[in-house]
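Below: the structure, in C-alpha cells.
Every chain is numbered from 1 and lettered A, B, ... according to where its sequence line falls, protein lines coming before strand lines. Just the heavy atoms: all of them, side chains too, but no hydrogens, waters or symmetry mates, feed the values below.
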Amino acid sequence: MGTVRMGEIEVSAQKGEELVARGLGSCIGLALIDRLSGVAGLAHIVLPESASPSDPDSGVAKFADRAVPELISQMEDAGAVVRRLDAVLAGGARMFEVGEMDIGARNAAAVEAGLARSGVSVRAADTGGNRGRTMRLTVGEFKVKVKEAGGQTTTLFDACTTNSSKGAR
Amino acid sequence: MTPRYTELQLDALRELANVASGNAATSLSQMLGREIGLSMPRVLALPLADAVDACGSPDDDITGVVIPLQGDIQGVVVLLISPEGADALCRLLGVEAHTEIGESALREIGNVLGTSCLNALASMTGLDLEPSPPHLTNDMLGAIVSSLALAQTASTDLVLVLDSELEVAGEPCAISFLLLPTDGGVADLLKPLGLAETTAL
C-alpha cells in the first residue's frame with residue numbers, strides 16, 4: 001500500500017496495490033486511470049501554481065500547473081495512453097475561513113484546467129465543502145474511494161460500472 | 001526565496017515556545033485543577049509534508065482549536081486534541097462532550113491557552129499580540145495542519161512549527177500546542193531578540 005504524501009506522485013500497474021492520499025484538506029488528490037493498459041496514478045497536489053520560476057524542481061508534483069503534466073507523462077512512461085485516461089478528483093476543501101484566499105477552490109480549478117489542456121476528462125469529483133478527505137485508489141480494480149472526516153467511506157468512481165455504461169453506447 | 005534558520009535562531013524560537021507553553025500549561029492547570037505535564041517544545045523547520053507527519057498520522061480524527069493572531073505578528077495558534085482527550089477535558093470541566101456546550105468549553109480552553117501563550121510571547125518580545133476568537137473543527141489531522149500552514153506561508157519547502165505537548169495528569173489527555181507563524185511573523189518574533197537576519201538560500 002502506497003501513501004502518496006503532499007507533493008508526491010505515485011504511478012503503478014501492480015494489480016491490487018492501493019495508492020492513498022491521506023488527510024486532504026485544501027489539497028487535491030488526482031487519480032488517473034487507464035483501464036486498458038492497467039496503469040493508474042495518484043498525485044497529492046498542494047497549490048495551484050508554482051510560486052516562482054526560481055523554484056526549479058523543488059517538488060514538481062506540488063503545484064497543479066506542473067503536477068498534472070508530470071503525472072500524465074509518468075503514466076505514459078508506464079504504458080498508459082493519454083486519450084484513454086479517466087480522471088477522478090477529491091479534496092479542495094475550505095477548512096477554515098481564516099485565510100481570505102480559498103486555496104482549495106483554486107486548486108480544484110487549476111487541476112481541472114490542466115486536465116482540460118491535456119484533453120483528459122474528469123469522470124468523478126468530490127471537491128469543495130469544509131471537511132478533510134482521504135482518497136484511495138485500487139490499481140487493477142480501478143475503484144476510487146473517498147472517506148470524509150467523521151463520515152463513511154464511499155465509492156466515488158468504479159471503472160467497471162463506467163465500463164459497462166460505455167459498452168452500452 | 002526560502003528562508004532558512006540558523007541554530008541560534010532555532011534555539012531562540014525553542015526558548016520562546018518553552019516559556020509560552022509553560023505559561024499556557026499553568027493556565028490550563030488552574031482551569032482544570034490538575035497538574036499539567038509539559039514536554040520540551042520541538043521546533044520543526046521542515047518541508048510541509050514532513051511537518052504534518054511530525055504532528056501525527058494525517059487521517060487521524062482530531063479536534064482542532066484554531067486561534068488566529070492579531071497585532072504585530074501574523075499566524076495561528078492551534079491546539080490538537082485527540083478524541084479521548086476532548087472527552088477527558090469536557091469531563092473535567094463538567095460538561096458533556098460532542099455537544100454545543102462541550103465544543104464551547106474546548107474553545108474556551110483554546111482561548112485561555114492562546115491568551116496565556118501570547119502574553120508570554122508579548123512580554124518577552126515587546127510585541128503587541130492578541131488572540132482572535134477561536135474556531136473549532138473536528139476533522140483529519142493532515143487536513144487541518146496542512147490547510148492552516150498553507151494559509152500562513154507562501155513556501156511549502158520550509159514550514160516552521162513550534163510544537164509542545166501538554167499532558168493532563170491522570171487523564172488520557174495530551175494536547176499538541178502548535179504555533180504556526182507566517183514567514184514574516186518568524187522574522188518579527190526574532191527581531192526584538194536581535195536575531196532577525198535570516199540567510200536566504
Side-chain angles (χ1 to χ4, degrees), chain A residues 3-8 20-29 44-63 67 90-107 129-136 146-151 153, chain B residues 1-2 46-70 74-78 80 83 86 98 131-159 180 182-183 200-201:
Chain A
T3 293
V4 184
R5 304 195 316 153
M6 271 180 276
E8 291 181 350
V20 191
R22 296 173 196 283
L24 296 163
S26 56
C27 295
I28 296 272
H44 190 149
I45 297 166
V46 183
L47 287 167
E49 61 241 341
S50 16
S52 66
S54 70
D55 251 354
D57 45 355
S58 84
V60 169
K62 231 184 260 175
F63 307 102
R94 181 170 204 183
M95 303 287 300
F96 301 97
E97 302 289 324
V98 178
E100 35 330 330
M101 322 172 286
D102 188 348
I103 298 173
R106 287 170 53 208
N107 277 340
N130 59 3
R131 309 289 293 166
R133 297 171 175 92
T134 286
M135 182 186 199
R136 292 168 191 279
V146 173
K147 182 185 181 296
E148 211 172 74
T153 300
Chain B
M1 254 186 300
T2 307
L46 295 171
L48 181 53
D50 296 335
V52 171
D53 282 347
C55 294
S57 175
D59 51 5
D60 275 357
D61 287 326
I62 205 142
T63 298
V65 183
V66 181
I67 304 125
L69 305 187
Q70 283 183 335
Q74 303 303 306
V76 288
V77 169
V78 191
L80 297 175
H98 315 292
S132 304
H135 303 255
L136 184 134
T137 176
N138 295 300
D139 214 294
M140 294 175 178
L141 183 142
I144 294 175
V145 176
S146 68
S147 303
L148 283 173
L150 286 171
Q152 305 313 313
T153 173
S155 164
T156 51
D157 292 338
L158 186 71
V159 179
L180 294 165
T182 58
D183 297 339
L201 289 187

Where is the tightest heavy-atom contact between [X] and [Y], given as atom of each residue plus distance?
X        : Y        : result
B/Ser146 : A/Gly25  : OG-N, 4.5 Å
A/Gly23  : B/Met140 : CA-SD, 3.7 Å
B/Leu150 : A/Cys27  : CD1-SG, 4.4 Å

B/Val145 versus chain A, the contacting section by heavy-atom distance below 4.5 Å: neither
Contact class of B/Asp139 relative to chain A, heavy atoms under 4.5 angstrom: both
Donor-acceptor pair, side chain of A/Arg131 and main chain of B/Asn138, under 3.5 angstrom: yes
B/Ser147 side chain vs A/Ser26 backbone, donor-acceptor pair below 3.5 Å: yes
Salt bridge (Lys or Arg N to Asp or Glu O under 4.0 Å) involving B/Asp60 - partner list, sequence neighbours excluded: none
Partner set under salt bridge (Lys or Arg N to Asp or Glu O under 4.0 Å) for B/Asp50, not counting sequence neighbours: A/Arg5
Euclidean distance, B/Thr137 OG1 relative to A/Phe96 CZ, rounded to 0.5 Å: 5.0 Å
Choice from A/Leu24, A/Thr134, A/Val46 maximising heavy atom contacts with chain B below 4.5 Å: A/Thr134
Between A/Lys147, A/Met6, A/Glu8, the one whose heavy-atom pairs under 4.5 Å with chain B are most numerous: A/Met6
Side chain, backbone, both or neither of A/Ile103 within contact of chain B (heavy atoms, under 4.5 Å): side chain
